[in-house]
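The block underneath contains the structure these notes are about, expressed in structure tokens.
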4 protein chains.
Amino acid sequence: MPRLNVEPLRRRQLIEATLQVLEAHGFQGTTIGRISKASGLSTGIVSHYFGGKQGLLEATMRHLLNELRGDFRRFRRQHPDSPQGRLQAIVDANFSGVQTQSKTARAWLIFWSQAAHSEDLARLQRIYERRLYSNLVYNLRPVLPAHALAGTAHTIAALIDGFWLRTALSEGRIGHARAIELCKAYIDQAIRDGAEQAPDDTHSARSGVPR
Amino acid sequence: MPRLNVEPLRRRQLIEATLQVLEAHGFQGTTIGRISKASGLSTGIVSHYFGGKQGLLEATMRHLLNELRGDFRRFRRQHPDSPQGRLQAIVDANFSGVQTQSKTARAWLIFWSQAAHSEDLARLQRIYERRLYSNLVYNLRPVLPAHALAGTAHTIAALIDGFWLRTALSEGRIGHARAIELCKAYIDQAIRDGAEQAPDDTHSARSGVPR
Amino acid sequence: MPRLNVEPLRRRQLIEATLQVLEAHGFQGTTIGRISKASGLSTGIVSHYFGGKQGLLEATMRHLLNELRGDFRRFRRQHPDSPQGRLQAIVDANFSGVQTQSKTARAWLIFWSQAAHSEDLARLQRIYERRLYSNLVYNLRPVLPAHALAGTAHTIAALIDGFWLRTALSEGRIGHARAIELCKAYIDQAIRDGAEQAPDDTHSARSGVPR
Amino acid sequence: MPRLNVEPLRRRQLIEATLQVLEAHGFQGTTIGRISKASGLSTGIVSHYFGGKQGLLEATMRHLLNELRGDFRRFRRQHPDSPQGRLQAIVDANFSGVQTQSKTARAWLIFWSQAAHSEDLARLQRIYERRLYSNLVYNLRPVLPAHALAGTAHTIAALIDGFWLRTALSEGRIGHARAIELCKAYIDQAIRDGAEQAPDDTHSARSGVPR
DNA sequence: GATGAATGAGGCTTCATTCAT
DNA sequence: GATGAATGAAGCCTCATTCAT
């Protein structure tokens, strides 16, 4: 009888428990004791699977990054396979699905505030930053003149992060629906403006898949 | 001979030391011991003047809020006393002066990540949020149709916070100058678009002073 | 192989160490550090088993109360099973056995002086007070007229506590043997006087068992 | 103009404040800071007048001893100048006047629990012990046969201390009036019994005044 | 594979004392 | 005579990690 490999299960349990505790108690209050209690496992298990608390935290952030990427892929299927459609999917992914949960938002914020003091977290933060930016540039290129590309991409990225931050902090005073609406409004307008200035701009969509 | 009132001086010293330590060691690493060492004072002094670590942290964030408001007032004098001028001053204040210092940016980020777990910090965060929003609305009203007011104000606020966040996290990959430029570009465009839609719109500036 | 349940052992060790330190250093000098050193365990262990210093102190006083009760039961077997015999056992229990040890006496005194400032300790003190009083009343009832019951019980209780206090404070100037002798002399006389006044008084021993 | 000597005033203020704080906060909670606040004076004053906290505590206990002696003298004038009258005055002094105040009772108890760990306080405790005992013996000698003297004196002393202790701890469950009544009842009976045994015993009252 | 008892370093806070004014 | 700002040692408690089972 093949014994089930419990490692993935345990890792998942611990990461899930970490997110719960981060939401409930903040970074300072996230102790091994609380995580093990929330997961129903023992205190020793964290070192066993993640080498220590730091490893578990890093794995948790990596998990969030993966979920974000998964969300993007899922939402892409719900939009037309065009630059505009994919841009909408980016916005949706950042404000929907798992990202909506307050527990996720709080964890992101906490990790970002820690990034400056942890090379591991900083690396993951850079991955997120680059991925969003290159994703935006890739999809804006077909519809914008080259000179407007970088600025617009940066602006959209800031808009997404800014709304996300305000949503996470405002405890409901700013809703996700509104954030999505305003982000998309800006994107539509930027593309319209770009089209006016460069109506005949033709870009060949490259085959590369944005990360 | 009147004894010098050292209290304001000591409080200032401790807040300054707190900002230094927050930058250098993060929230977790900000201990009373390090703060007292950085300030050249003793460990007992923090409780003496702030009642404890929590009180010092709150006072530090309040200090940052005050500096931001001071920056806004300073920059307002450098711009024409018009809605557009004041909007530019808001942008400048958020990306210039004291706010530019990495030590300030890091402290903001840390405080925000803690806000969810400290009513004191959450209150200060709400003050910031409301102040920025009402400031924007107040100055946009003369130049935008009523229906576009809220959305534009929210978008600008998100843009400011988003660029600020990316600037704080990117360690130089995104510059303040660029952030200011792109924020102002969006504001200019929003006002242009508003003017097109409602060219004869006349708003009477109310006497109220933005907070 | 079942792992030994070390909890009762550890609790016992710590309580014993607490009594030692209380005797040697007084209430003020009873620190976690000294207790852990005396017990041969680590400093963290106290919070682990008792939730903190206060919990350990309370458990220590409860331990003394239990020992006193145990002493009473032991001494009861050495006396005839009559009211007089049980009254003698009460006296013996308060001045013999574990209570004799200076470390126990000092701890009682310390706890009593703290009772006014700790609801936990005050509760335990009330238990002691009531137990002694009701025990005396229960055993005096068969041999005293009703009107003399309460006064005699209070007087015996005061005598016991008074001798105990003087013994604890006098560092040997007053001996336990003398205290027992004088307490018993008073009890004998009180019973004689009661018998004179109410020679034919017959009381049915109630079924209630003295606490 | 003769400047008033403020020293006795200051010492008095600080002792009074110490008693207040001891009652309100217990021995542990009696800090220089609280004492100075209660007295309206500065923190430095304690070292100035008493050399330190320990000196103030010792002076406070000495003050209580003096008050007790004063009470005895006062009550003696209210009773006939006979052995019985003086014995009644001893009882009254221990359960009336200043001693009645909960603040005084608490302070006594605290000091006694500290006596084992402070030679200064232990000395004062011995003075109290001896004074009460010799006072009792002196006044019992004219009315008791020699062989009953020591035992009766010890018993009365224990009764006084026991009732005092129970009164101090019981928070009103045992009243001073009852304590006085029962003490006097024992004394009366002891004298009666002594008289029966030795009806013609005549003692000449010595001129010595009990301390 | 997993446990959880135990450790002990380190944090925050309290507080008696000192000393310049 | 008196102040009270400042110190810094020491206490209690938390918690990541280890290791015998």
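For the numbers below, each heavy atom of this structure counts, side chains included, while hydrogens, waters and symmetry mates do not. Proteins get letters first, then strands, A, B, ... in listed order; numbering begins at 1 in each.
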Subject >> side-chain contact (heavy atoms from CB on, under 4.5 Å) against Ile32(A), all qualifying residues, sequence neighbours excluded >> reply: Thr43(A), Val46(A), Lys53(A)
**OP:** Select base, sugar-phosphate, or nothing to describe what Thr43(D) touches, counting heavy atoms under 4.0 Å on all strands.
**Re:** base
**OP:** For Arg34(B) and dG11(E), give me the distance from atom CZ to atom C1', rounded to whole Å.
**Re:** 11 Å
**OP:** Please list, chain by chain and in numerical order, all residues satisfying side-chain hydrogen bond (donor to acceptor under 3.5 Å, both in side chains) with Tyr49(A), sequence neighbours excluded.
**Re:** none
**OP:** Ignoring the backbone of Tyr49(A), work out which of dA2(E), dT18(E), dA5(E) is nearest its side chain.
**Re:** dA2(E)
Subject >> For atom CD of Gln28(D) and atom C1' of dA16(E), their distance in whole Å >> reply: 14 Å
Subject >> All side-chain hydrogen bond (donor to acceptor under 3.5 Å, both in side chains) counterparts of Thr60(C), not counting sequence neighbours >> reply: none
Subject >> Atom pair distance, as rounded to whole Å: CZ in Arg11(A) and C1' in dG1(E) >> reply: 15 Å
Original post:
Whole-Å distance between dC15(F) P and His25(A) NE2?
Top reply: 10 Å
Subject >> Partners meeting salt bridge (Lys or Arg N to Asp or Glu O under 4.0 Å) with Arg11(A) (sequence neighbours left out) >> reply: Glu7(A)
Original post:
Where along residues 109-124 of chain B does a heavy atom come under 4.0 Å from DNA chain E, residue by residue in number order?
Top reply: none
Subject >> Side chain of Ser42(B) (C-beta onward), nearest among dT7(F), dT3(E), dC15(F) >> reply: dT7(F)
Original post:
Residues two or more places apart in sequence or in another chain: which of them pass salt bridge (Lys or Arg N to Asp or Glu O under 4.0 Å) with Arg123(C)?
Top reply: Glu58(C), Asp120(C)
Original post:
Rounded to whole angstroms, how far apart are NE2 on His48(B) and C1' on dT13(E)?
Top reply: 14 Å
Subject >> Interatomic distance where CD1 belongs to Ile32(C) and P belongs to dA9(E) [whole Å] >> reply: 16 Å
Original post:
Residues from residues 51-63 of chain A sitting under 4.0 Å of DNA chain F, heavy atoms only?
Top reply: Gly52(A), Lys53(A)
Subject >> salt bridge (Lys or Arg N to Asp or Glu O under 4.0 Å) partners of Glu23(A), counting only residues at least two apart >> reply: none
**OP:** For Arg126(B), check side-chain hydrogen bond (donor to acceptor under 3.5 Å, both in side chains) against everything at least two apart and list the hits.
**Re:** Glu119(B)
**OP:** Quick one: stems involving DNA chain F, counted as three or more successive Watson-Crick or G-U pairs, both distances short of 3.5 Å.
**Re:** E:2-21 with F:2-21
Original post:
With sequence neighbours left out, what residues match Arg34(B) under side-chain contact (heavy atoms from CB on, under 4.5 Å)?
Top reply: Val21(B), His25(B), Thr31(B)
Original post:
What is the distance from CD1 of Ile45(D) to C1' of dA2(F), rounded to the nearest Å?
Top reply: 5 Å
Subject >> Qualifying residues under side-chain contact (heavy atoms from CB on, under 4.5 Å), relative to Ala107(C), sequence neighbours excluded >> reply: Leu19(C), Leu22(C), Leu64(C), Phe111(C)
